[in-house]
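Encoded as structure tokens, the structure appears first; notes follow it.
Just the heavy atoms: all of them, side chains too, but no hydrogens, waters or symmetry mates, feed the values below.
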Amino acid sequence: MAKPRKPKNEDPKTENSGALVHHQKLCLSIDMDKRLLYGYTELEIAVPEIGIVGLHAENLGIESVWVDGEPTEFEYYPNHQQQSEDENRWSSVDSPSSAADAAGSLYLSALEKELVPNLLINCCKPFKIDTEQQDQPISENGFPSSASKANQNVRLVRIDYWIEKAETGIHFKDNFLHTDNQIRRARCWFPCVDDHSQRCCYDLEFTVAHNLVAVSTGRLLYQVLSKDNPPRKTYVYKLDVPVAARWISLAVAPFSILPDHQFSFISHMCSLPNLSKMRYTVEFFHSAFSCYKDYLSVDFPFDSYKQVFIEPEMAVSSLSLGASMSIFSSQVLFDEKLIDQTIDARIKLAYALARQWFGVYITAEAPNDEWLLDGLAGFLTDFFIKKHLGNNEARYRRYKANCAVCKVDNSGATSLSCSASCKDLYGTQCIGLYGKIRSWKSVAVLQMLEKQMGPESFRRILQTIVSRAQDKSRSMKTISTKEFRHFANKVGNLERPFLKDFFPRWVGSCGCPVLRMGFSYNKRKNMVELAVLRGCTALQTSSTSVLDINPDTESRDGDTGWPGMMSIRVYELDGMYDHPILPMAGDSWQLLEIQCHSKLAARRFQKPKKGFRIDGSDDNGDVPSMDMRSSAESPLLWVRADPDMEYLADIHFNQPIQMWINQLEKDKDVIAQVQAIATLEASPQLSFSVVNALNNFLTDSKAFWRVRIEAAFALASSASKETDFGGLLHLVKFYKSRRFDPDIGLPKPNDFYDFAEYFVLEAIPHAVAMVRSSDKKSPREAIEFVLQLLKYNDNNGNPYSDVFWLAALVQSVGELEFGQQSILLLSSLLKHIDRLLQFDSLMPSYNGILTISCIRTLAQIALKLSGFVPLDRVYELVKPFRDVKAMWQVRIEACRALLDLEFHCKGIDAALLLFVKYVEEEPSLRGQLKLATHVMRLCQMRDGLDSNDGITSQALVSLLCLLEGRMAFKNVFLRHYLFCILQILARRPPTLHGVPRENRTLHLSLPEACNYQRNIFVLDPESKPLELPSSTQTFAQDLALTDGLRGAIDEAPNGAPCEVPKQAHVEALREAPLEVPPEAPDVVLTEVPQEAPMEAPNEFSKEADTVSNSHERKRTIKIKVKQSSATSRADTDNQMVERSIGRRTEMDHGASSSVSVDAPQRNFAETLSAGNQNIEEVNSWHDRGSRMTASIGSAKFLSDGDELVKELQCTADSSLVYSQPQPEDPSSSSIIQDYNIDADARRYASLQTLSAARLDGDSLGKEISVRGKEKQRGKDKKRKRDNHKGRQDDPEYLERKRLKKEKKRKEKEMAKRLSDVQKKPSVDLSNKKEEPGVNVARQRNAVESSGYNSKLEIKKTDTKPEAPEGTPGAPKIRIRIKNHILNKS
């Protein structure tokens, strides 16, 4: 029976946990000419007992603070102050590694200090809360009502302040002002509790010039025009929904307002020149709004919604969210003449609207739950794409996103919900590449749940979440991973065991499954035999910490795979059949059988009767001859794995080329088509049939245009001498058939009425430019084709703009590779590029896209032809575009081109110094961010090229100074990318995940900080400012970290013990004394008659298994391992594959064993301890070619005093797989199996290691006994006699029998030598300082002298006839552990 769920604590703060803001009022007057803001804010605060309220404020001038109308004392400590210029501060930075350490310490220190309140207000007398006031009525806004406020120490705090020449959080330019929602930057324009957990309602008043419009969050109540000269206007807003301070936004400008023509409470605003573009861009918006409203079945949570479009140079990012308000860059606006911008702009606007539901209105309960809101917003956006842009567009985008996640999701930085990737990353996990990957992965995880429970059930969950948030009786409008999991069980009807595995594996850890599949058709059984190799994208050294959703009831000890069952879809001659038979969890290797439904034999011998029509045509002409050719030996047309994208997995499927061609031509799913094209393109031997199939798909106008573009690029890569450049000919022929006049042989005027055909034809020149001949140069025909298109482009009579069309043509020139013969055409190409540059300077194109493509192409040509084109000439040509007056997109592209030239000509060091110079000169925040992104790519290119060019300390120190400077504080994205650049230079991952934290500041929450600061708060006006703890005081400790220690810390999950390397476990195992704990059972060691395989020492690097909860019971487990023979091997042919050696992440280069287990179900009185099952792990290490048989025959618990008997019999055949890498330990099996050591010594060493390992390592005191059992031996003899009946005349059997007798004779001689070995060991295996070869007798004495109730004895047992030579064999070991009941004291 499931435990009842604990009720959620609705009160966000306890009575002594710190200040709680109930309501906040913000009144500001804005002077645009002086770039000045002044005013006040009033906060209704429940003051804690300490009497001190801590707020966040930065960049503000605090004039006075009032509490309940009376002035009070306050202390203000700005966190970001200009660093002192100390020349010796960075003297220890002399390498990228030391610079990365310093960057990590700087970055962590800055993030930690931002968490601590720095405006401390004395709220007079502390007020004690009565213990009776626990259950308080809740008001509409989710906070204690006025009746309960009287029982709290609620104070009205007023802060008068001003902001002069604001630079952070709020931005001025000419007549424009706007705020951004950067992390922890709301404090830079009004005092607040800048924390996601603090939410309250707001009253907002903004006074501006009468010709300006102030747009803010909430509902506009009224406007007041003053009698000043000149008059000023005050805009009054009210926000009734509690939100965090981060979501308060403001934009002031002479906006043109466009009300939505469908919904009156939706408004769109932009500057007057962009009004026509905005009208066309947002004409679809009502459909997105209606789509979400119908899907969620509830009204919009806010009273109004505003979309504001500002100049791109002012925006920090393309989207800045606020409550009931979104601020976009006007770069997303477009008019009716543009085609390429439509899809991306609509998706961006739809995503911003979805974030209003999930992210602003409904927030995460904790940082670990932010993935859920991000995923729900992305899921809602995907639903809009599916409804209004088509199912093909939605599936294609989701497939590409899943592929990107599988490539990058290999470390703890991409784990969605665990402490190491959320709490200690301070919000930086949502920035950059890892933030995008986490967002895509969040959507993929939710879509997997939707596939499991069904679309309607998932829709009901979202409706439940939103309707619950709109319930006025609830104080918290939050959602947690635990609650969503509960909804998946109750509303989605998903079973608890599935969810118990799903959330920890997909949400709490990193990595995606990797499935490599291949199949063969069994003609006799008419079955498909599917072989599967499982793996994981997570790196072996990465920290795969697992989130424990409910620590009281759930735990996971390792990676056991992914829950669920994948479907295999088989397309046969008779139709399509789905087979959900592939489990996502299981052994590394698995073989599955799929029954075919088609009857191939009847079709093969059927002779078609041909009939001829009057016109001479054949009646059977509609038979798919290609399919019949591929089905000559099987009824299969093609096979697909996970056709509905039910799982986020990296699937590699192997099938014949003809089947991929069938899949491309016959399957209507865009994902199947993309997979087929990718496989055909990567085929090592391209045939004419592949080229023809790609060409047929390209020319099919009914196919999805994005997939047709991929077919075009696949044709370009297939063009080679072997295929007579068929791909190039097909591309040119296709383009000319659409765009050329057949009479004159020249391009026709542009005609873009068919949008799908427009996108495909736009990509053809780029694909043609990618064709390479045998000398890696572009064919002359390809260059002439591109030149002809540039020369004769004509857009007369076309209602649509050709700016993107021309930009694609120009960029295709940059992809060309010129040879000695084709270099003569370069001058003509450069003339046309120069003509386009001059034309664009006179009539600027949309967002300067044409000039940008020309600059990019010139830089590419200069780098490829540095011997022909002087770089100085290119530098002088590009440099004028860096002028401040130039369009910011053009200016940034010019900087990128110059950085590329500097990097390829002078190295990364010169490029870094130039980057620092450009960033300091760049006025726009978004431009700084794009430059940092580009330099990070250059650093990654250097890392990928394994370049060893040195980086001077000057460049490193410049980056560090930029990281701690004012510019990085203003732009949190720039600061993060600067940190990432320094990490990449040190060849580390660009993330805070895994950064050493030994010297970081103490993580203080808000109440802890208030308590800490109360102790040192001084009301004396002459008191010195408070010095907050900082981790940047001493960098010596950070820089002194060795690389080895840093690597160990990087791999360990935060908050989890750092796992000791395996070698350390082995060393500890060697030097540990051989002792038996008081609870240990009897140990009986039986002499092994032949060689036992040496278990791997690194097997014991796993966590020690816990002993059974009952310390009063002794158990006896008997494990019997027999020598396998040909008959025993034949008995296991039909058994299922169950377990393999090697961990999941090592399967690509580790050994695997097919293991067969036959286990009848038993009822146990109590469960076995985990340690009892490690005996199987000890014996799971085999040599190449070894074979060991085992089958779980019986396991039962008897009454008290009786012995517990468990017999296992298993078969592990590792002769057909790769061998595991042998450990480097001196006592490893590679040394034990050395042929220079005699067999007796090897046997004794193996026995000794097994004993020591079990006593010291895994069992922690479980006693092992190995001795014979006559009854079982008799059964085995009888079984063998029955199996050998009727084979007396078989020569092979007689030869095998003779070899067994010969081997038995040798065994007797070996047994005689073994007795000598017991007295005098001949090999030193432990490699200790004490005398080598501790014999078992000495171990027995040590055990007896310890006073434990244990015994250790050695016996000889008879051996059985063995398999003939050449048959892989394994030793016979019988281990018996007895279980007795001890008298309780």
Side-chain angles (χ1 to χ4, degrees), residues 392 395-396 399 515-523 526-531 567-579 594-604 606 608 620-645 651-704 706-708 710-715 717-718 723 726-727 730:
N392 287 341
R395 283 181 60 82
Y396 182 86
Y399 175 74
L515 299 175
R516 305 180 187 276
M517 306 182 195
F519 70 90
S520 64
Y521 174 66
N522 191 324
K523 198 183 307 182
N526 195 27
M527 300 184 75
V528 177
E529 296 175 346
L530 181 69
S567 177
I568 305 296
R569 179 171 295 176
V570 181
Y571 292 82
E572 305 180 24
L573 293 174
D574 291 346
M576 176 191 74
Y577 301 93
D578 281 334
H579 305 271
I594 303 174
Q595 184 65 50
C596 292
H597 297 77
S598 302
K599 302 295 184 181
L600 181 64
R603 291 176 179 270
R604 180 185 303 174
Q606 181 181 359
N620 299 320
D622 58 345
V623 176
S625 58
M626 185 175 298
D627 290 348
M628 294 303 294
R629 286 199 301 271
S630 66
S631 306
E633 298 298 330
S634 72
L636 306 178
L637 299 180
W638 69 93
V639 183
R640 290 187 62 193
D642 193 22
D644 297 325
M645 278 200 304
I651 301 175
H652 303 269
F653 200 90
N654 294 322
Q655 61 181 349
I657 292 295
Q658 186 57 52
M659 290 190 173
W660 286 115
I661 294 176
N662 292 341
Q663 178 172 322
L664 176 62
E665 294 180 343
K666 304 297 181 182
D667 204 321
K668 302 304 180 183
D669 182 21
V670 293
I671 306 304
Q673 296 165 357
V674 171
Q675 291 172 344
I677 290 173
T679 306
L680 294 176
E681 180 182 1
S683 177
Q685 295 181 350
L686 292 170
S687 61
F688 288 99
S689 61
V690 173
V691 176
N692 292 333
L694 293 172
N695 179 56
N696 292 336
F697 189 86
L698 172 64
T699 57
D700 185 7
S701 58
K702 295 181 180 179
F704 185 46
R706 290 192 186 272
V707 187
R708 292 174 66 191
E710 297 212 4
F713 284 100
L715 274 174
S717 64
S718 69
T723 58
H730 285 308

| task | Report yes if the side chains of F519 and F653 come closer than 4.5 Å at any heavy-atom pair, otherwise no. | result | yes

| Residue pair L686 / E681, side-chain heavy-atom distance below 4.5 Å | no

| message | Whether the Y396 and E710 side chains hold a donor-acceptor pair (N or O, under 3.5 Å, no angle test) is what I'd like checked. | response | yes

| query | Mind checking whether D644 and R569 have side chains closer than 4.5 Å, heavy atoms only? | reply | yes

| query | Yes or no on side chain to side chain contact (heavy atoms under 4.5 Å, CB included) for N654 and R516, after CA distance, side-chain angles and deciding distance? | reply | CA-CA 8 Å; N654 294 322; R516 305 180 187 276; 5.9 Å; no

| query | When rounded to the nearest 0.5 angstrom, what is the spacing between OG in S687 and CD1 in I657? | reply | 7.0 Å

| message | Restricting to non-hydrogen atoms, name the atom on P643 and the atom on D669 that form the minimum distance, rounded to 0.1 Å. | response | O-OD2, 3.7 Å

| field | Gap between atom CD1 of I651 and atom CE of M645 - 0.5 Å precision | value | 10.5 Å

| query | Is there a side-chain contact between V639 and Q663 (heavy atoms, below 4.5 Å)? | reply | no

| field | Heavy-atom donor-acceptor pair, W660 side chain to T679 backbone, under 3.5 Å | value | no

| query | Taking the side chain from N696 and the backbone from N692, do they hold a donor-acceptor pair closer than 3.5 Å? | reply | yes

| Looking at side-chain heavy atoms only, is the closest gap between H597 and D574 below 4.5 Å? | no

| message | Could you check whether N526 and Y521, counting side-chain N and O atoms only, form a donor-acceptor pair closer than 3.5 Å? | response | yes

| message | For a 4.5 angstrom cut-off between non-hydrogen side-chain atoms, does M659 reach S634? | response | yes

| query | Considering only heavy atoms from C-beta outward, does the side chain of M517 approach that of L530 to under 4.5 Å? | reply | yes

| Atom of A693, atom of L664 and distance for their closest heavy-atom approach | O-CD2, 4.0 Å

| For T723 and S718, which heavy atoms make the closest approach, and how far apart are they? | OG1-O, 3.0 Å

| When you measure from the side chain of N695 to the backbone N and O of V691, does any donor-acceptor pair fall under 3.5 Å? | no

| To the nearest 0.5 Å, how far apart are NZ in K666 and OH in Y571? | 13.0 Å

| said: To check you understand the geometry: which heavy-atom pair defines the closest contact between Q673 and D667, and what is its length? | reply: NE2-O, 3.0 Å

| remark: Taking every heavy atom of L694 against every heavy atom of A714, the minimum-distance pair comes out as CD1-CB, 3.9 Å

| At what distance, to the nearest 0.5 angstrom, does CG of D642 lie from OG of S567? | 7.5 Å

| said: Side chains of I594 and E529, heavy atoms from C-beta outward: is any pair under 4.5 Å? | reply: no

| R708 to A703 - nearest heavy-atom pair and separation | CD-O, 3.6 Å

| note | CD of Q658 to CG of L636, rounded to nearest 0.5 Å, is 13.0 Å

| After noting the C-alpha distance and the side-chain angles of V570 and H579, does the key distance pass the side chain to side chain contact (heavy atoms under 4.5 Å, CB included) rule? | CA-CA 8 Å; V570 181; H579 305 271; 3.8 Å; yes

| E572 CD to C596 SG distance, which is reported to the nearest 0.5 Å | 4.5 Å

